[in-house]
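Presented below is the structure to which this report refers.
Order of the sequence lines sets the chain letters (A, B, ...), proteins ahead of strands, with each chain counted from 1.
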Amino acid sequence: MGKKHENIAQLLPWFVNDSLGRKEQALVLSHLAGCPDCQQERDRLQDLQALIVDGSMVLPDYRFSFRKLMARIEAAELNKESTADHGFGKKRSWLPGFGLAASVSIIAGIVAFVPISSDQNKFQTLSTVTATQGMSHRFSLTFAQPISAQTMRQALIDTNSYLVSGPDSSGAYIVDIAVPDQMTDDEFIHSIKTIDGVEDAAFVGP
Amino acid sequence: MTSIQELKSTRGAEDEENLKLLQLVAVKDKVAFEKLYTRFYPQLSRYLNRLLRRPEMMEEVVNDTLFVVWEKADRFQGRSKVSTWVTGIAYLKGIKALDKLRTVPDQQADSIDEEIEESVNLISKLGLQEWLTCGLDMISADQRSVVELTYFFGYSYQEIAETMGCPVNTVKTRMFHARRRLAKLLPQLQEHKGADSSEKGTRKNGVGESLE
Ligand SMILES: [Zn+2]
């Protein structure tokens, strides 16, 4: 007993979780056969493990968290690009088309919060809210005038939406945008299509 | 019980898939990153929830962790499993977040012993999961990390040392202290066992299942 008992007792948690190497496992097994104290401790640790494994946890939808992270990544990438393009300390000049891309993203942010409403004031007061709730869906967007990927990305950051790919040869972008539970995809697409300069918007997938 | 070989081959296949995804993430493939995110989100949430004991901080630290994965994927050397590497980042980010809050560090954890004595009576009236929550609140973040990585994630003590960036003896010592503290509450577990077993049968495994 003594030192050996202590050393073996220290290994019991990893005996219980089946992660010991063969040698150590054999050592523990042979000690266990003759040590009631360690047998009792092993039983307790098995109960503890069962309890820990059993502890269920309700997870929030990963997509909302993922969108937040992608917005952060887009912002970091944009920051890198703009430092490289314009040099440190220089102000960025907005490309034409930014206003249009931004209005898509702002509308997306607003309609993601409230169902389409005739109350214009409600839209204005909510326009500063940036986080969006709801299921993220994938859409393709095309514009009458070409818009650069950088502009698109910058505009999407504010609504936790993000650019998946684009523009393709026809100028179309694939973006992930949150659609509120109260709205159907069709209603959402309709609201995007009503923006001046948006040529087409279509649902691509969940 | 599942055989060790079976368990290890499942884990091996999972890590191979993680490695493929990580290589794509290294060249900034966002679709691969979303897949990797989906794979790690449940286990990182679970681990950080236990480590931090603050659900409101969990999402932010999960994202801090996966942000580093996105940024540093090209630097992964393949010396450890992808899951060990990612969990190690989560551990560092979690400890950093706790430091900001100035919660009870390792050294002060001894002073909690008296608090444990007082809580034993209260805890005896609680359900098993509440008992566990109270018990885990009374050990340090480093000890909780060792407990969770051992019992829930099934890590070996060598893997835990790698994840937490410390010697294996430190892992064993942290587990020793955690067990000593939890042991004061363990008799309650035995008492609860009979009464709780019927309820336990109907309970779903939650995150545990999604990790299998
Ligand atoms: Zn013994």
Side-chain angles (χ1 to χ4, degrees), chain A residues 6-22 24-25 40-41 43-77 80 131 136 138 153 160 162-166 174-176, chain B residues 1-4 7 28 30-31 33-34 37-38 41-42 45-46 49-50 55 58-60 62-63 66-67 70-71 128-129 131-133 135-136 146-148 150-160 172-173 175-176 178-179 182-183 186 189-190 193 200 203-210:
Chain A
E6 270 172 40
N7 288 339
I8 297 291
Q10 213 170 32
L11 292 176
L12 284 176
W14 296 286
F15 175 78
V16 164
N17 85 354
D18 268 345
S19 70
L20 288 181
R22 258 189 213 171
E24 281 181 322
Q25 203 191 16
Q40 198 188 8
E41 181 65 1
D43 293 345
R44 280 178 168 188
L45 294 178
Q46 274 171 348
D47 287 342
L48 178 65
Q49 181 174 41
L51 188 59
I52 287 177
V53 169
D54 196 39
S56 61
M57 193 188 137
V58 182
L59 282 176
D61 187 346
Y62 88 89
R63 281 169 291 196
F64 180 58
S65 305
F66 181 70
R67 250 181 359 252
K68 273 193 188 169
L69 177 58
M70 285 318 293
R72 185 172 159 191
I73 286 171
E74 304 284 5
E77 280 176 357
K80 279 179 203 162
S136 178
R138 202 151 278 186
R153 231 184 260 156
N160 282 333
Y162 87 95
L163 183 56
V164 179
S165 64
I174 304 293
V175 290
D176 273 359
Chain B
M1 197 186 277
T2 335
S3 76
I4 305 169
L7 202 82
K28 304 297 178 202
K30 286 176 183 169
V31 177
F33 184 58
E34 184 167 359
Y37 191 99
T38 319
Y41 184 76
S45 299
R46 158 92 202 198
N49 193 43
R50 279 265 201 257
M58 187 186 78
E59 187 200 51
E60 195 185 332
V62 167
N63 275 358
L66 286 155
F67 183 75
W70 169 262
E71 291 277 303
L128 277 176
Q129 283 302 330
W131 167 85
L132 182 67
T133 304
L136 291 173
V146 173
V147 167
E148 181 72 3
T150 301
Y151 294 120
F152 191 82
F153 290 84
Y155 279 25
S156 66
Y157 60 80
Q158 294 94 335
E159 283 174 314
I160 297 172
K172 289 178 181 171
T173 308
M175 180 59 103
F176 173 80
R179 275 166 69 187
L182 291 174
L186 270 170
L189 177 59
Q190 300 297 326
K193 235 179 130 184
K200 217 170 155 184
R203 206 183 286 158
K204 277 266 171 206
N205 222 359
V207 181
E209 280 185 336
S210 68

Task: Ion pair check, Lys30(B) and Glu74(A), cut-off under 4.0 Å - done: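 Here Lys30(B) pairs with Glu74(A) in a salt bridge, since their nearest N and O are under 4.0 Å apart.
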Open item on the list: Less than 4.0 angstrom from a charged side-chain N to a carboxylate O is my criterion; do Lys28(B) and Glu77(A) meet it?
Closed with: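 Answer for the salt bridge query: no.
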Closest non-hydrogen atom pair, [X] against [Y]:
X         : Y         : answer
Asp61(A)  : Tyr41(B)  : O-OH, 4.2 Å
Ile52(A)  : Arg50(B)  : O-NH2, 3.4 Å
Ala9(A)   : Arg179(B) : O-NH1, 2.8 Å
Leu132(B) : Leu48(A)  : CD1-CD1, 4.1 Å

Task: For chain A, the option from Glu71(B), Lys172(B), Gln158(B), Glu148(B) that forms the most heavy-atom pairs under 4.5 Å - done: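 The answer is Lys172(B).
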Atom [atom1] in [X], atom [atom2] in [Y]: separation rounded to 0.5 Å?
X        : Y         : atom1 : atom2 : result
Asp54(A) : Phe152(B) : CG    : CZ    : 10.0 Å
Leu66(B) : Phe66(A)  : CG    : CZ    : 9.5 Å
Asn63(B) : Ile73(A)  : CG    : CD1   : 8.5 Å

TODO: Give a yes or no on whether the backbone of Tyr155(B) and the side-chain of Asn17(A) come within a donor-acceptor separation of less than 3.5 Å.
DONE: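 Yes, because the side chain of Asn17(A) sits within donor-acceptor range (under 3.5 Å) of the backbone of Tyr155(B).
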Task: Worked check of side-chain contact (heavy atoms from CB on, under 4.5 Å) between Ser65(A) and Tyr37(B) - done: CA-CA 10 Å; Ser65(A) 305; Tyr37(B) 191 99; 3.1 Å; yes
Open item on the list: Checking Glu24(A) against Tyr157(B): is there a side-chain donor and acceptor pair closer than 3.5 Å?
Closed with: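 Their side chains do contain a donor-acceptor pair, which is all the 3.5 Å distance test asks for.
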Task: Side-chain donor-acceptor pair present, Ser156(B), Trp14(A), cut-off under 3.5 Å - done: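 The criterion, which ignores hydrogens and geometry beyond distance, is not satisfied for Trp14(A) and Ser156(B).
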Let me know if [X] has heavy atoms under 4.5 Å from chain A in its side chain, its backbone, both or neither.
X         : value
Val146(B) : side chain
Glu34(B)  : both
Phe67(B)  : both

Open item on the list: Are more than 12 heavy atoms, taken from residues, nucleotides or ligands other than Glu60(B), located less than 6.0 Å from that residue's CD atom?
Closed with: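 Counting other residues, nucleotides and ligands, CD of Glu60(B) stays at 12 neighbours or fewer.
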